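Treat the numbers as computed from the prediction; the structure is a model and nothing was measured.
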Amino acid sequence: MDLIGLRGRALTFLRPSGSAVFNGERLDVVSEGSFISRDAEVEIVKVEGSRVVVREIQS
């Protein structure tokens with residue numbers, strides 16, 4: 001399954017690591033470097049092995 005581009009919501013604060021949910025599935029993620037608040041909308045931008053990198057979607 002290609003994860004890049006999936007949008008979801010941060011379940012925890014990402015500073016820079018934490019958890020997010022995508023299509024009902026909880027994943028351990030890391031932000032691109034910046035702090036992301038809990039409940040922020042995020043998008044997967046990179047997958048390196050088991051490392052899933054997300055960026056906050058600015059609305």
Side-chain angles (χ1 to χ4, degrees):
M1 175 166 127
D2 189 21
L3 298 176
I4 295 174
L6 277 183
R7 291 182 173 206
R9 190 153 302 278
L11 293 176
T12 64
F13 293 108
L14 305 182
R15 30 171 106 122
S17 64
S19 297
V21 65
F22 301 90
N23 297 329
E25 184 176 345
R26 181 183 177 130
L27 296 176
D28 291 328
V29 299
V30 62
S31 73
E32 281 188 309
S34 58
F35 172 84
I36 297 176
S37 295
R38 178 179 24 201
D39 291 327
E41 192 174 358
V42 295
E43 179 178 10
I44 297 174
V45 294
K46 189 186 316 180
V47 178
E48 299 169 330
S50 63
R51 185 170 180 249
V52 179
V53 181
V54 299
R55 155 185 315 151
E56 184 172 6
I57 298 169
Q58 301 297 327
S59 52

- Task: Output yes when a side-chain donor or acceptor of Thr12 lies under 3.5 Å from a complementary backbone atom of Ser19, and no otherwise.
- Result: yes
- Are Leu3 and Val29 in one and the same hydrophobic cluster, where Ile, Leu, Val, Met, Phe, Trp and Tyr link if side-chain heavy atoms are under 4.5 Å apart? yes
- Query: Given side chains that start at C-beta, do those of Ile36 and Val42 come closer than 4.5 Å, heavy atoms only?
  - Reply: yes
- Item | Spacing of Arg7 atom CZ and Arg55 atom CZ [to the nearest 0.5 Å] | 10.5 Å
- Item | Approximate separation, where rounding is to 0.5 Å, of Ile57 CD1 and Arg9 CZ | 8.5 Å
- Note on the structure: So CG of Leu14 and CZ of Arg38: to nearest 0.5 Å the spacing works out to 11.0 Å
- Query: Would you say Leu11 and Val52 are hydrophobically clustered, going by side-chain heavy atoms of ILVMFWY under 4.5 Å?
  - Reply: no
- Nearest atoms (heavy-atom pairs only) where Asn23 meets Leu6: ND2-CD2, 3.6 Å
- Taking every non-hydrogen atom, the tightest pair across Ile4 and Val45: CG2-O, 4.2 Å
- For Ser34, does its backbone N or O pair with a side-chain atom of Ser31 as donor and acceptor, under 3.5 Å? yes
- Task: Kindly say whether Phe35 contributes a backbone atom to a donor-acceptor pair with the side chain of Arg15 at under 3.5 angstrom?
- Result: no
- Message: Restricting to non-hydrogen atoms, name the atom on Ser37 and the atom on Ala10 that form the minimum distance, rounded to 0.1 Å.
- Response: O-CB, 3.7 Å
- To the nearest 0.5 Å, atom CD of Glu43 lies from atom CD of Glu56 at 12.0 Å
- Do Phe22 and Val47 belong to the same hydrophobic cluster, where Ile, Leu, Val, Met, Phe, Trp and Tyr are linked whenever their side-chain heavy atoms lie under 4.5 Å apart, directly or via other members? yes
